[in-house]
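Written out below as structure tokens is the structure these notes cover.
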Amino acid sequence: LSAASDGNPDDEYVWSVKRFDASTVIASTPGFAMHGDKLRIRLVKGGCDYGQLWTSVLTMPSEGVDETTFINKNVSARFMGQQMTFPVMYAGKFIFGYLVMLDMGVYDLGQLGEILSRKSELKMEYLDSADFKSTELFDTPFNSWSTKNLTQAVKQATHQCHLLHT
């Protein structure tokens, strides 16, 4: 399932919706700086009016870094102009580096869509803190994502979530 706001299949930065498994639907868009580091909204059957916002960072840090460098850490960031802290929800070996997933919280989808859609581009800058040195551990300590088709994708994901069999 993919929805494009202008019908242009070449626009890869539009939000789209996919059924992940029997209980999960994900709306996502690729990053402008790091294409694979998508911004995602995860909906789970039984809770289709709420979504978990999360993103990932693929990084190839220096020698001596492994999964334990990231586990149980909080990553400081500036997202949409606001300083926030996101817990690492997963970190593991991936290709030649590590995939680090950040939990950005669970939100009411109506409110989340409205807040995120206020901007045409959602910007993230990862910041250094006493707990986590983003500029040392993330190759690209920033990313941004389009909001093109976000509202429609959230509605479509909610609808698809309600259709998941119990």
Side-chain angles (χ1 to χ4, degrees), residues 2-5 11-18 20 24-44 47-61 65 67-92 94 97-158 161:
S2 183
S5 60
D11 188 352
E12 61 188 305
Y13 297 102
V14 68
W15 278 78
S16 62
V17 177
K18 292 188 180 178
F20 182 74
T24 308
V25 175
I26 295 180
S28 67
T29 190
F32 287 128
M34 293 297 293
H35 191 271
D37 292 342
K38 296 181 178 185
L39 185 62
R40 301 168 181 89
I41 303 172
R42 178 178 166 259
L43 290 74
V44 178
C48 298
D49 295 325
Y50 295 89
Q52 177 192 25
L53 184 65
W54 63 282
T55 191
S56 57
V57 180
L58 177 60
T59 188
M60 291 176 259
V65 172
E67 293 94 354
T68 61
T69 304
F70 304 103
I71 302 293
N72 297 320
K73 297 293 183 179
N74 291 302
V75 177
S76 293
R78 186 171 295 108
F79 181 64
M80 296 181 64
Q82 301 291 317
Q83 189 158 339
M84 303 176 165
T85 302
F86 305 122
V88 173
M89 64 183 200
Y90 171 83
F94 187 75
Y98 294 92
L99 181 65
V100 180
M101 297 180 183
L102 304 176
D103 182 357
M104 299 172 69
V106 175
Y107 304 92
D108 172 273
L109 286 173
Q111 292 176 343
L112 181 62
E114 181 183 319
I115 291 167
L116 295 179
S117 293
R118 290 180 186 157
K119 305 212 179 236
S120 61
E121 185 176 346
L122 304 171
K123 295 181 180 183
M124 176 85 80
E125 176 188 2
Y126 300 107
L127 307 171
D128 286 343
S129 69
D131 188 43
F132 193 87
K133 301 294 182 202
S134 295
T135 56
E136 293 175 15
L137 296 170
F138 291 165
D139 300 327
T140 307
F142 58 88
N143 207 349
S144 62
W145 303 270
S146 172
T147 58
K148 190 173 187 179
N149 197 49
L150 171 65
T151 303
Q152 298 92 327
V154 168
K155 288 178 184 174
Q156 183 183 4
T158 302
C161 182

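- In this structure a side-chain-to-backbone donor-acceptor pair under 3.5 Å is missing from N149 to S16.
- Residues V25 and Q156 form no side-chain contact, since every pair of their non-hydrogen atoms from C-beta on lies 4.5 Å or further apart.
- Remark: K133 NZ is packed, more than 12 non-hydrogen atoms of other residues, nucleotides or ligands lying under 6.0 Å away.
- Here the CZ-CE distance, from F94 to M60, works out to 10.5 Å after rounding to the nearest 0.5 Å.
- In this structure, the separation between CE on M84 and CG on L127 is 11.5 Å, given to the nearest 0.5 Å.
- Taking CG of D131 as the reference point, atom CG of N72 lies at 9.5 Å (rounded to 0.5 Å).
- Closest approach of L99 to S56, counting heavy atoms only: CD1-CB, 3.8 Å.
- Here the shortest heavy-atom pairing between S146 and T29 reads O-CG2, 3.7 Å.
- Atom CZ of F32 has more than 12 heavy atoms from other residues, nucleotides or ligands within 6.0 Å.
- Nearest heavy atoms, L53 versus L39: CD1-CD1, 3.8 Å.
- With contacts defined as side-chain heavy-atom distances shorter than 4.5 Å, the pair W15/I41 qualifies.
- A 4.5 Å side-chain heavy-atom check between Y126 and L102 finds at least one atom pair inside the cut-off.
- There is no side-chain donor-acceptor pair under 3.5 Å between T85 and N74.
- Rounded to the nearest 0.5 Å, atoms CD (Q83) and CD (E125) are 9.0 Å apart.
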- request: Any chance you could lay out the side-chain contact (heavy atoms from CB on, under 4.5 Å) test for M80 and L116, step after step, and finish with the verdict?
  value: CA-CA 8 Å; M80 296 181 64; L116 295 179; 3.5 Å; yes
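- Side chains of T59 and L137 form no contact here, defined as non-hydrogen atoms less than 4.5 Å apart.
- Proximity of D49 to L109: side-chain heavy atoms (C-beta onward) are nowhere separated by under 4.5 Å.
- Between the side chain of Y98 and the backbone N or O of V65 there is at least one donor-acceptor pair closer than 3.5 Å.
- Without hydrogens or angle criteria, R42 side chain to R40 main chain gives no donor-acceptor distance under 3.5 Å.
- No side-chain heavy atom of K123 sits less than 4.5 Å from a side-chain heavy atom of F142.
- Contact record, T151 with S117: OG1-OG, 3.1 Å, taken as the closest heavy-atom pair.
- Residues M101 and W54 are in side-chain contact: their nearest non-hydrogen atoms beyond the backbone lie under 4.5 Å apart.
- For F86 and F132, the gap between ring centers reaches or exceeds 6.0 Å.
- Of the possible polar contacts, none joining the D108 side chain to the Y50 backbone as a donor-acceptor pair under 3.5 Å is found.
- A donor-acceptor contact shorter than 3.5 Å links the side chain of T147 to the backbone of K119.
- Here the closest non-hydrogen pair linking F70 and P61 is CZ-CG, 4.2 Å.
- The two atoms that bring T55 and W145 nearest to each other are OG1-CZ2, 3.4 Å, heavy atoms only.
- Within the 3.5 Å criterion, the main-chain N or O of M124 finds no donor-acceptor partner in the side chain of N143.
- To the nearest 0.5 Å, atoms CG (L58) and OG1 (T140) are separated by 9.0 Å.
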